[in-house]
Structure formats: C-alpha cells, structure tokens
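Accompanying notes for the structure given below.
What you are looking at is a predicted structure, and each value in this text was computed from that prediction instead of being measured. Every number for a ligand or one of its atoms is a count from 1 in the order of the listing.
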Amino acid sequence: MKSVDAHLADILATVRPLAPLELELEQALGTTLAEEITSPVPLPPFDNSAMDGYAVRSADISDIPVTLPVIDDVAAGSVELLAVGPGHVVRIMTGAPMPTGADAVVPVEWTDGGTVSVRIDRPVTAGNAIRRAGEDVQAGDVVLEAGTVIGPAQLGIIAGVGRRRVLARPRPRVVVISTGAELVEPGQALVPGQIWDSNSFTLTAAVREAGGDGFRAGSVGDDPSVLLDRLDTHLVRADAIITSGGVSMGAYEPVKEALSPLGTVRFEKVAMQPGMPQGFGVLGDDRVPIFALPGNPVSSFVSFMLFVRPALDKMRGLPESTQETVTARVTRHLRSPEGRRSYLRGVLAPDGTIAPVHGQGSHQLAALAMANALIVVPEDVIEVAEGASVEVIRL
Ligand code: AMP
Ligand code: MG
C-alpha cells in the first residue's frame, strides 16, 4: 500500500499554480496577488481633519474660553483651498483638507458648535486632530507583496491606491461530480435502496472553504460513458475535477472503469482509514488534475482535507505547508488498524482533551458533522490509551 505522504507528494508534484490573470476588483476576493502593489501617491494624499470641528491657529486659543468668527465651512470633498488668518476659524468636517494657516483642529465637542462665531472652551496644541499626508503610505511604498491572499482589507488598500484591476492567481474552479446509481438529489423522494447525494454538497463547500470556486455538476449514476460525457462537458471550464465514489474493488465502479483505460489516472490503495481507495491523475490536453475520491461520505471528506486542499493551496500559489496539528489528550481508549494511518473523528475541547465521537464508520456522516477535529493515529500504532497524547487536525 502507498503511504499517505507518498500519495500527497505525487499529487503536489503534478499540480501547478494557476496562471495569473488581470482581474477586476469585484472578482479578486480570495485570489492570490501575483504582483507587488505600490501606491502612486501618499496616503492620505493631503493633510486633512481627523474630526468634525474648527480649523484654527492654535496660538489664538491660549486664553480660554475665547469666541472667534467662523469665516467659512469646509467639508470632505471640498477642492477649494481655504486659508485661515489670525483670529479667524473655519468650520471643518472629518476628511476635509486643512486650510492653509491653520495648525490644529478643535473638535466640535470642545465648543458651542456656532456657525457664525464659535466659543472654544479648551486650549488646543498645534497638530491636534490633523491626519498628515503620507502618514499611512508614502508615494512609491509597497502596500502588498506578491503572494498575498486578497481578503476584504487587502481589497480595500488596492482600491485605496487607485487600482481597478490586479494581476492575481484566480480561485481554482473545481467541478464536483458524484457517481452512484443509488443517489437522489436532496428534496426529491426516495424509494428503498436509494440515498440522498450528500458528497457533492460537502465537497463543493469544502472547495469554497479552501479558496476555490466549487461547481456541482450533478450525479452520473454508475454508467462510465455518462461519466466520460459529463467530464467532457466540464473539462473546458475546470481547473480541477473531483469525483466521488466508483473507485473501489467491486463491480459498478464507473470512475475506475472510465478512467483506467486513459492511462493518465492511477487508482491505488493508500494506507489510511477512512479513504483507502484513491484515484488521481490528469485529463485532457490541459492536463486538468482529477481527484477520484472514495464514495463513503467520511472517506471523501477526509480525502479532500488530506489531498485536495493542499493541492488547491498550490494551485492558488500559496507556499507548501505541512498539515497543521495540535496535541490533545484522548478521553477514551482507541483502536486503529495496523499499517494504516487513521483519522478518527473527535470533539476537541478548550481544555486540550479530545473526545472521539460515537460512530467511527466511514459512512457515519452525522458523527462527522458533530466532530470538529480528526485524531491522527500513526501507521504503527494500534492502540491509544485513555489520557494519551495524540496529534489532531482541526476541521
Ligand atoms: P462507492 O465508493 O461508490 O462504492 O460508494 C461507497 C459508499 O458511499 C456507498 O455506500 C455509497 O452509497 C456511498 N456514497 C457514494 N456516493 C455518495 C454520495 N454522493 N453521497 C452519499 N453517499 C455516497
Ligand atoms: Mg458507487
């Protein structure tokens, strides 16, 4: 049997980072910057008021209270350059450009709020409540490095330096296809022998959480030719494909039957539980990676976490990372098969303990849904004593 690590290494040796594209900002969330972003201007671009109040010469406010004439009003967006002479003040709003001559802003809360003249009750020091040009960013500064994942704040600074488009590696588009003659779309009635298709929902959602765009391309029953047709339809728009089911040792294994003859997809036994049967390879002239995951719901999900997620990271242009684990103490005795790495489902608590959920079968999706972590039991360990330390992958 192939080890989990060897299988992942084969996958990572095959998948490539997606080519960068010029993306509109609206399309850029969750993509990975493929260029450095610099600011063409200082930010803020001009000295402006940090508060609503009065632009003053601080020297005029030494004897308080003092009442001074308000000679003008300046709001954010004003492009007129005002000046404040000795003994005068200008009413000013947050974000408005500082008038020349003024060296401080008196917040409206320190005054009577007058519009013709204003009484100021507190002294002010020079520079008070002024946001200086270049205080955040100097012209020419790098504001984001290439390789940064664009989240809401990153999107904000890209727009904030005036850019409309960016060069970025897109979110991988991943087509998810279920196989199995027993599958029925949720919302429709079942007859005995049928079950609702859950894997395509789990896997599509997992793709999205992993920074990709998942697309459910439905279920194809157990007919290999229908699967090939469906793959043909979706290959043009896919950066990767995930299938579930149809890869084990029985009859009616459409994924194995359809893809084995192509010679570009390998079906192997990986030394893990759940998820032993795994297929991986490439399809078409563009060598689109395909992950042929086992059908049992827990198996396909665990396989996604171990193999597809790191591959998506690589496609997004993120640095390769090892699976992050934390150490926890198990609340009860555990068994694990010899020679296979187990990923048992558990509930990790804030006190550093992990309670294995009841129902460790690879079909027990409800138990998976209650878990928040996977307990990793190494290949050579067959028993874990209550209270022993284990490595845990958070979900
Ligand atoms: P297979 O790998 O096709 O032999 O499927 C293994 C088990 O997983 C069978 O019990 C299937 O009914 C179940 N299964 C396969 N695909 C799905 C799916 N999309 N949703 C829920 N269960 C599935
Ligand atoms: Mg099947």
Side-chain angles (χ1 to χ4, degrees), residues 1-2 4 7 174-210 212 214-231 234 238 240-260 265-281 290-308 337 340 342-345 357 359-371 395:
M1 260 193 281
K2 190 182 187 185
V4 169
H7 191 60
V174 183
V175 169
V176 177
I177 301 174
S178 297
T179 70
E182 70 279 29
L183 301 180
V184 171
E185 188 73 4
Q188 293 178 8
L190 293 183
V191 297
Q194 296 180 324
I195 59 170
W196 285 298
D197 170 13
S198 61
N199 290 351
S200 64
F201 288 92
T202 303
L203 294 169
T204 307
V207 165
R208 175 172 291 195
E209 261 197 358
F215 177 77
R216 278 182 71 234
S219 174
V220 297
D222 275 333
D223 183 342
S225 66
V226 177
L227 173 62
L228 284 173
D229 273 358
R230 193 70 58 94
L231 287 171
H234 291 288
I241 291 172
I242 301 174
T243 61
S244 89
V247 296
S248 15
M249 304 308 290
Y252 309 104
E253 305 288 10
V255 180
K256 222 173 179 176
E257 287 167 39
L259 302 183
S260 293
V265 183
R266 279 168 66 175
F267 293 90
E268 298 174 282
K269 284 187 177 173
V270 176
M272 60 191 282
Q273 188 178 61
M276 184 171 65
Q278 296 285 336
F280 175 74
I290 178 163
F291 300 85
L293 306 183
N296 272 307
V298 182
S299 309
S300 64
F301 178 70
V302 170
S303 304
F304 179 94
M305 295 300 285
L306 297 182
F307 304 126
V308 186
R340 286 162 74 178
S342 290
Y343 297 91
L344 298 163
R345 280 67 71 202
V357 297
Q360 293 287 344
S362 59
H363 60 295
Q364 286 175 297
L365 184 54
L368 173 67
M370 277 173 214
L395 295 176

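- Among all protein heavy atoms, the one lying closest to atom 5 (O) of ligand 1 is Gly295 CA, 3.7 Å.
- Interface atoms of ligand 1 facing Gly245, defined by a heavy-atom separation under 4.0 Å, are 1 (P), 2 (O), 3 (O).
- Ring pair Phe215/His234 is tilted by interplanar angle, where 30° to 60° counts as tilted.
- Annotation: side chain of Val255 is in contact with side chain of Phe267 (closest heavy-atom distance under 4.5 Å).
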Determine, step by step, whether Leu231 and Ile290 satisfy the side chain to side chain contact (heavy atoms under 4.5 Å, CB included) criterion, reporting the C-alpha distance in whole Å, the side-chain angles of both residues, the deciding distance to 0.1 Å, and the verdict. CA-CA 10 Å; Leu231 287 171; Ile290 178 163; 4.2 Å; yes

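- Nearest-residue assignment for atom 10 (O) of ligand 1 (options Leu365, Val298, Asn296; heavy-atom criterion): Asn296.
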Pair Met249, Lys256 - check side chain to side chain contact (heavy atoms under 4.5 Å, CB included), show working. CA-CA 9 Å; Met249 304 308 290; Lys256 222 173 179 176; 3.5 Å; yes

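- In this structure, a donor-acceptor pair under 3.5 Å is present between the side chains of Ser178 and Asp197.
- The closest side-chain donor-acceptor pair between Arg216 and Ser200 falls under 3.5 angstrom.
- Each of Pro274, Ser303, Ser244, Ser248 was evaluated against Pro294; a single residue qualifies, Ser303, per the side-chain contact (heavy atoms from CB on, under 4.5 Å) test.
- Ring pair Phe280/His7 is perpendicular by interplanar angle, where above 60° counts as perpendicular and below 30° as parallel.
- Residue contact check: Ser178 has heavy atoms under 4.0 Å from atoms 19 (N) of ligand 1.
- From the protein, the heavy atom lying nearest to atom 22 (N) of ligand 1 is Ile195 CD1, 3.4 Å.
- Distances from ligand 1 to the non-hydrogen atoms of His363 include no value under 4.0 Å.
- Not a single heavy atom of Gly180 sits under 4.0 Å from any atom of ligand 1.
- Near Thr179, meaning under 4.0 Å from any of its heavy atoms, are these atoms of ligand 1: 16 (N).
- Counting heavy atoms under 4.0 Å from ligand 1, residue Ser198 touches it through both backbone and side chain.
- For atom 3 (O) of ligand 1, the choice among Ser244, Gly246, Ser219 with the nearest heavy atom turns out to be Gly246.
- Atom 16 (N) of ligand 1 has its closest protein heavy atom at Asn199 ND2, 3.5 Å.
- Atom 4 (O) of ligand 1 has Ser248 OG, 3.5 Å as its closest protein atom, hydrogens excluded (heavy atom only).
- Scanning all protein heavy atoms for the shortest distance to atom 19 (N) of ligand 1 gives Asp197 OD1, 2.8 Å.
- Looking at heavy atoms from C-beta onward, Met272 lies in side-chain contact with Gln278 at the 4.5 angstrom threshold.
- With respect to atom 9 (C) of ligand 1, the closest heavy atom belonging to the protein is Glu182 OE2, 4.1 Å.
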